Structures are given as C-alpha cells and as structure tokens.
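All chains are named by letter (A, B, ...) in the order of the sequence lines, taking the proteins before the strands, and each is independently numbered beginning at 1. Worth saying up front: this structure is predicted, and the values here are computed from it rather than measured. All values below come from the heavy atoms of this structure, side chains included, with hydrogens, waters and symmetry mates left out.
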Amino acid sequence: MSVLEMLNSKQQEAAGQIEGPVLILAGAGSGKTRVLTNRTAYMIDEAGISPWNILAITFTNKAAGEMRERIDRLVGHGSESIWVATFHSTCVRILRRHVDLLGYDSNFTIYDTDDSKALMKDVLKRFQVDTKQYPEKMFLNRISNSKNELLTPEDEAKEAFGYADEQFVKVYREYQASLKKNNALDFDDLIMKTVELFTQFPEVLENYQNRFLYIMVDEYQDTNTAQFELIRLLADKNKNICVVGDDDQSIYKFRGANIRNILDFEKVYPNAKVIKLEQNYRSTQTILDAANSVISNNTSRKVKSLWTERGQGEKIRFLYTENAYDEAELIVDRICRDKREGKCEYRDNAVLYRTNAQSRLLEEKCIMAGIPYAVVGGVNFYSRKEIKDILAYLKTIDNGKDDLAVRRIINVPKRGIGATTIGKLADYGAANGLGFYECCVKAEEILGHGKAADKIAEFVSLIALFKSKLEFISLEQLVDDILDRTDYEEMLNESDPDDAAERMDNIGELINKIVSFEEQYDEPTLSDFLEEVALVSDIDNVDENADKVMLMTLHSAKGLEFPNVYLAGMEDGLFPGYMSICSDDPSEIEEERRLCYVGITRAMNKLIISAARSRMIRGETQCNAVSRFVKEIPDELIEGRTPGASASRRSDGDVSNSKQPRPVVKPVARPKTVAKPFIARATAFTDLKKGSDIASAATPDYGPGDRVSHMKFGAGTVISVEKGARDYEVSVDFDTAGTKKMFAAFAKLKKI
DNA sequence: TACTGGATTATTTTT
DNA sequence: TAATCCAGTA
C-alpha cells in the first residue's frame, strides 16, 4: 500500500507534490505532521529519493524527535540519514564545520539568555550606561531584533539617527566584540552567522545546496527574517521547498517571527502550489465553530474554515467566579469530579493561561485537592541557579574559555574570593588580551603574594584536578565529584534549608540526563553534552504519559492537544493583555486573538472557559471585564455565559456584563518607552585608582591576645588578625557577644 | 568580603 | 505578590 493512501485527498495532494515550491496551509489539528512524515516516506520509498538529500527543519527538539520517530516507523531503513533538526541545531552543525571562515574557533560556546544578559551588563558597565534608565534588556531586545532582521552593527550605523541610535550601535558593536573574544555565539547569532557564512562563501552554500535537494520547514508562520533567508538560500538552487504552517497560529511576533513569510510565500515563489488543509481530526464541531468565529475577527489572514466529521459535541462551558481563588478551585473541582466519575484521567486535562504567574493559584489548589499536576515552562530547567552552577563547572572544566562560566563559579560555593579580586583579574585580562581563567592561572603574578592569590590558586588546582580526571571517569562520576569536593549540597543547606531538597532533586534530574546522554552515544564527550544542553527547552521534556494535569501558558500549548481544555483568566487586561489593549497598533490585539485561537483549538472534546470578576495582579486587586474574545463566540455554542455565575441563564443572553461593578481597566499612565537620548559619560575605561585603596587598609594597632572594645559588642580579646585582599580581617572573642569576624576598617576597634 | 533589608519592578519566550 | 537588585553595614 502506498503511504499516500493513509491520507485524505487534500493531504495526498500535499504529500505527493515533491517537486517545486509548496505551501501547505495546515489548520489546527489537520494532520500536518502526518502529511510531513508520509511525504518524506513517499519521497524515499516511492520516488526513490535518497534520505541523505532531505532536510526537515522544525522549531523544537521535541517536534524534530517526533518527526524522526514517525518517519522511522514508516520507512524501513535509511531514515537515520535524513537531516531532521531544529533551526538552531542545524546551524550549529554547519557552523562547527565552517565557522573558522568567519574568524571564530570551531569549539565556540553557545550563550543562552542569561549569559547574554551578563555579558551585556559588562558592556554597559564599560560604557558607563545607567542600567536603571536603560536596562540591559532593552539593548538585548534591540540587538535581537537587529539580528533577526540580519542587520549588523554596520548596517545599523548607516540607519542610525540621533544620539540614542549611535549609542545603540556602539553597544551592539561592543557586545559582538565581547562575544567574539569569548568565542561565543548567542542564539540569534547561530542563524545570522550561518546566513553570513552562506552569503560570504558561496562555495560553502553550494555544497549544502547540492546535499539538501528537498527541504521541508514546519511551523513556517513562526520563522523570522533570518530563518527565512537561511531557507531561501538553501533552496535557491533546486527550489524544492515545502513549508507547512498556519498563519492563524502565528504567536511569536514579539520574538521576531514575521507573519509575512507565510502570507507572501506565493510572491517569493510565484509558481508555488498552495494546498489548504481544513479538515480537522481533533476537535468537535462546536469547538471548531468557536475557533473559526473568534479568528474571523482578524483581518490580513488567509481565510480558512475548519470542519470535522466528528459531530457537534458538547457546548463550551463558561465559568465566572468572584475572584481568582474561586476560579482555580472551580477548575480543580471539576477535574476532580470528572476523574472521580471515571470520565477522564488526570492527563486528559490541561489548564491554559496567558501569564506564568497564574500557575501559582492553580498549583496551590491542585496540592490541596491532592491531584497530580505538572507545570510546563515558567523557569526553564536549565536556567535554575543550581543547574547553571553545575553546568558552569562543567564548562570551566571543558575548556575554561567561557569567562562567564568561570566567573560564575569561582566563588560558588564561597571560597572568599570577592569582587575586588575578580575585578583585578578581569581588568588584567581585558588589558592583556587574556581569558579570565588564564588570568586565574597566573593570579600570583597579577595580584602578588597574599591571601587572594592563594584562594585563586586553590580554585585553579581544583579545576585542574577535575580536568585530569576527565578522561578516566564518566561524566556522571565527574558531577558527583564536583558536588563532593565543593560541598555544594552543604552550601544549599546553609543558604536556604527550605528549598535545598528541591534543588538537589533538580541536580539529580540533571544527573539523570547525563546518564541517559552517556547511554545514548558511543563516545559521549563533555563538549557534546554541553552543546546538547544548550539547545533544549522545557517543552522538550514534557512527558505526556505521566498521569498529571498539565498547567501551561497558551504559548507552550501550541502543537499539543488534550481531551479537556480549560482556558483560565479570560479577562480583558489579562487576555488580551493590558499592553495590547493600550497599543495603538491593532495587530497586537490580532496576535492575542491568534493566541486565543491556538488555545481553543487545543481542545478535543471539552472546552471550559473561565474568568474572575477580580483578581490580584502584581500585588493589587483589579476588576476586569470578561475577555472580548469570549464575546466573539456565538451564543449557541456556549453555556453559562451570563454574569452571576451559577445562576440560571438570563433571558436576554447578553454578554456585556451589565451587572459588573466598574470594569476597571487600570488607567495607569505608563508612558510608552520612546527612544530618549542617552546620558552617558562615554569614556571607555575608568582610570584605575589603585593607590588610594591600599592606603585605606592601614595596619591595625592591635594584635592577637590584645584586649579591644567595640562600640556595639563591648570588650573582647583579639584571636587573630589576617591580611585580606583589601583589608585586615580580625577575629575577636567578645565577652558577651561571642566570637565575631570583622574587617578592621569597619569594626573601628579600640585597644584597651 | 558577605549579608541584609529596602527599593524596584513586572506578558508571552520553540532556541 | 514575589523575585531580584543594590546600597549600606559589620
């Protein structure tokens, strides 16, 4: 049987068209992954195309993994040589081979958002920019936008107008220079540098064009300009490009996604074959009608209308409660009831919300009701402090070239190495073109004899010890060793006993990942592990099989489906968000509406929409109107929408909440951040005022055994006086207050 | 050098 | 509310 026979006629058309440009407009739940996988199988098994010539690009590792698995099942052999990967890992693979052409070392590190932030902080400090007024986030956002649009600092310089723009260009340039010095690329660089590579070295591009004869891109509506260009270049020679997406599910504009990529596909490829998949295999007709009706309020979209053979199904249920506590309780109660009545398993339920902060109440109520749940997203696993610490150790051991990693752990757990010492080493490194770790190695030369240099030397030998062991022990043992020798657990216990256990659990989870990584590969190296880890996200790790209620944001829910979906917090100001309501750009509301469409279409059988009359947002209680999106659902599809919650339906069926007390959308005059001129005294480096500091640490006139008095602790006996990096550290055994350690300059001890 | 508390400030985030 | 950041203090 042909793999095409498993598809409906539209799907067949899409899967069977393998030559030339193809745009598949795949509505939610229309089986696009099925089309992509069967298409690939068809290419290999029936059209005789070599798997080696196929490239399939997705956005998440999870999607890539699923796709490969499904292709494997369809194709007997050879599927392993298909290149199925995310945009970012595709680019990493290419860059590892050719990045030297761009002046980077092939073992570059990948900076995540936190790393970028830390780096930006450094840059801004050097330029003496007031981060209160111009937070690093603002620069990073703007740089990210530039990179997504493939604009280099030089391109931006040409466009720059006015002081603020010039400052931005300066910061952008310096940020790039710092990245390069650290031999690091941030996420956006991965794409942009690959495009740069391809444009500057056509022979490299051609090499890949000859390999990737057939290209497929999933979630095409979420591509940004850089990704679009990457694909365009790769497909330029053969034009066998098939993109799949749904413009109605474009919800990442704020991250640079350009909805025009999908809307204008036919302009870029005039002979493109366009196929719409509108038959939905997921939801009931009621749910689809609601989704259709909400999304039809958007202009500029490719008109689609989802339909199903599944039948009408249940009406959508609207729940309106007094406050957010009641809302959470009501949702949890309903899930409990359904489960008790045997109507569902926990895993059949998902609660979706607009902001991560909303998960808290739901979690609390779940705990109270004793039902298992999993929160997806929020703080990314790999951005937890303890995980970052361990990874920083691993990065330092791996190559020590990542200054940020070294600086992160040089005093974690505390080893008495302070900001002054670190600053001196970093300054020396900057002045002499050395990496931070190299400076640590020659600390004594830089700092001179003393306690500070000794402490650094201790740290360096610790790292050296780990390095020397690296080739003899497994990564798992290495992490155990790190934990052991640094007394990491002890540090956690001391700093916060309450959550130490949870943090250790997380580290345990990291070790699990290491173990499974080591099992997966024949020769697992530390570098490979660090690379893999740099490119995974939270959603990649959701386990659908665990019997848990899923709590997540609407964004995280894209691509997933659940029998019962709860859309919580459907209030104007929360969803659509306050920012988009106030914006004078109507496309912002449209993006929120698409998000709503995504939410609705996650539901297979039952959709429950809820709102609260008042809720606490950022520490103050707000009363907001029911979301305008709820009102866009026709009456006949929804029940319980009249205000007054559980009361029976009102005669007029009006949705506009006449009873509601002041639908206050907070009239806070939060001024839009408009580019303002900078106030920066922009001299690159502050002069180092070394002399004065040392003078302040005068030798105390007391020594061990002397009696001294302290203004607060009274009389005591000096135990020891030690010279620190900056000041003398004095231990005193006070008669009444016990033993205290303090600094001579602060303690103002008087000899008696 | 290290800790604390007071001020500050908040969407969404596939990599 | 809650998390994070920095200045002041010992």
Student: Can you figure out which of B/dA10, B/dT13, B/dC3 approaches the side chain of A/Lys414 most closely?
Tutor: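 Selected nucleotide (nearest to the side chain): B/dC3.
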Student: Kindly point out which of B/dT13, B/dT11, B/dT1 is positioned nearest to the side chain of A/Thr355?
Tutor: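 Closest of the options to the side chain of A/Thr355: B/dT11.
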Student: Specify the residue among A/Gly416 and A/Gly619 whose closest nucleotide of DNA chain B lies further upstream toward the 5′ end.
Tutor: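 By nearest-heavy-atom nucleotide position, the 5'-most residue is A/Gly416.
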Student: Grab the CD1-C1' distance between A/Ile456 and B/dT1 for me, whole Å please.
Tutor: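 Spelled out: CD1 on A/Ile456 to C1' on B/dT1 is 13 Å.
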Student: How about CZ on A/Phe254, more than 12 heavy atoms from neighbouring residues, nucleotides or ligands closer than 6.0 Å, or not?
Tutor: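 More than 12 heavy atoms, drawn from other residues, nucleotides or ligands, come within 6.0 Å of this atom.
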Student: Among B/dT13, C/dC5, B/dT1, which nucleotide has an atom closest to any side-chain atom of A/Asn356?
Tutor: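 Output: B/dT13.
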Student: What is the separation between atom CG on A/Asp222 and atom P on B/dT14, rounded to the nearest whole Å?
Tutor: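 The answer, rounded to whole Å, is 12 Å.
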Student: Distance check needed: C/dC6 C1' versus A/Lys125 NZ, whole Å only.
Tutor: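 Distance check: A/Lys125 NZ to C/dC6 C1' gives 11 Å.
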Student: Taking C/dC5 as the reference, what is the distance to B/dT12 when you measure between their C1' atoms (whole Å, please)?
Tutor: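 Here B/dT12 and C/dC5 have their C1' atoms 24 Å from each other.
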Student: Taking side chain as C-beta onward, heavy atoms only, is A/Tyr111 less than 4.5 Å from A/Asp189?
Tutor: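 A side-chain contact under 4.5 Å is absent here.
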Student: Taking the six-membered ring of A/Phe108 (Phe, Tyr or Trp), confirm whether the NZ or CZ of A/Lys193 is under 6.0 Å from its centre and within 45° of its axis.
Tutor: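 No, cation not above the ring by the 6.0 Å, 45° rule.
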Student: So A/Ala534, base contact, sugar-phosphate only, or nothing? Heavy-atom distance under 4.0 Å.
Tutor: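 Nothing: the residue A/Ala534, judged by heavy atoms under 4.0 Å, touches no strand.
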Student: For nucleotides B/dT11 and C/dC6, find the distance between their C1' atoms and express it as a whole number of Å.
Tutor: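 Approximately 26 Å lies between the C1' atom of B/dT11 and that of C/dC6.
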Student: Which of these nucleotides, B/dT14, B/dT1, C/dT1, is closest to any side-chain atom of A/Met616?
Tutor: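 Selected nucleotide: C/dT1.
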Student: Can you say whether a donor on the side chain of A/Arg354 sits under 3.5 Å from an acceptor on the base of B/dT11, or the other way round?
Tutor: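 In this structure, the two groups form a donor-acceptor pair.
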Student: Closest heavy-atom contact between A/Glu531 and A/Val92?
Tutor: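 What the structure gives for the nearest pair is OE2-CG1, 3.1 Å.
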Student: Taking A/Ile410's backbone N and O only, do any of them form a donor-acceptor pair with A/Arg415's side chain (distance below 3.5 Å, no angle check)?
Tutor: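 Flag set: sc A/Arg415 to bb A/Ile410 pair under 3.5 Å.
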Student: Looking at B/dT14, B/dT12, B/dT1, which one has an atom nearest to any side-chain atom of A/Glu592?
Tutor: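 The answer is B/dT12, which lies nearest to the side chain.
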Student: Please tell me if A/Thr420 has a side-chain N or O lying less than 4.0 Å from either OP1 or OP2 of B/dT1.
Tutor: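 For A/Thr420, the contact criterion (side-chain N or O under 4.0 Å from OP1 or OP2 of B/dT1) is met.
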Student: Specify the separation, in whole Å, of atom CD of A/Gln358 and atom P of C/dT1.
Tutor: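 My rounded result for the distance is 17 Å.
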Student: Can A/Phe254 be called stacked on B/dT12 when the rule is centres closer than 5.5 Å and an angle between planes below 30°?
Tutor: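 Here A/Phe254 meets both the 5.5 Å and the 30° conditions.
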Student: Just how far, in rounded Å, is C1' of B/dT13 from CG of A/Asp112?
Tutor: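 To the nearest whole Å, that distance equals 13 Å.
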Student: Looking for any heavy atom pair under 4.0 Å, which part of the strands does A/Gly577 touch: base, sugar-phosphate only, or nothing?
Tutor: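 No contact.
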Student: Looking at the side chain of A/Thr60, which of B/dT14, B/dT1, B/dT13 is the nearest nucleotide?
Tutor: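 Given the options B/dT14, B/dT1, B/dT13, the side chain of A/Thr60 is closest to B/dT14.
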Student: Consider the side chain of A/Arg360, meaning its heavy atoms from C-beta on, and name the nucleotide among B/dT14, C/dA2, C/dC5 that approaches it most closely.
Tutor: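 Given the options B/dT14, C/dA2, C/dC5, the side chain of A/Arg360 is closest to C/dA2.
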Student: I'd like to know if the side chain of A/Ser627 reaches the main chain of A/Phe575, judged simply by a donor and an acceptor atom lying under 3.5 Å from each other, with no hydrogens or angles considered.
Tutor: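 Yes, A/Ser627 side chain to A/Phe575 backbone: donor-acceptor pair under 3.5 Å.
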Student: What's the NE2-C1' distance between A/His88 and B/dT14, to the nearest Å?
Tutor: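 Computing the A/His88:NE2 to B/dT14:C1' distance gives 8 Å.
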Student: From CG of A/Asp188 over to C1' of B/dT13, roughly how many Å is that when rounded to an integer?
Tutor: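 Checked: the CG to C1' distance equals 12 Å.
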Student: Would you say NZ of A/Lys513 has more than 12 non-hydrogen atoms from neighbouring residues, nucleotides or ligands within 6.0 angstrom?
Tutor: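 It does: A/Lys513 NZ has more than 12 such atoms within range.
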Student: So A/Phe87, base contact, sugar-phosphate only, or nothing? Heavy-atom distance under 4.0 Å.
Tutor: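 It contacts nothing in the nucleic acid.
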Student: Is any side-chain nitrogen or oxygen of A/Thr421 closer than 4.0 Å to OP1 or OP2 of B/dT1?
Tutor: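 Yes, A/Thr421 has a side-chain N/O under 4.0 Å of OP1/OP2 on B/dT1.
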Student: Indicate whether OP1 or OP2 belonging to B/dA2 is found under 4.0 Å from a side-chain N or O atom of A/Asn411.
Tutor: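 It does, given that an N or O in the side chain of A/Asn411 lies less than 4.0 Å from OP1 or OP2 of B/dA2.
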Student: Let's see if you can work this out: which of B/dT12, C/dT1, B/dT11 has an atom nearest to the side-chain heavy atoms of A/Thr553?
Tutor: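 The answer is B/dT12.
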Student: Rounded to whole angstrom units, what separation is found between the CG atom of A/Asp114 and the P atom of C/dT4?
Tutor: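 So the two atoms are 10 Å apart, to the nearest Å.
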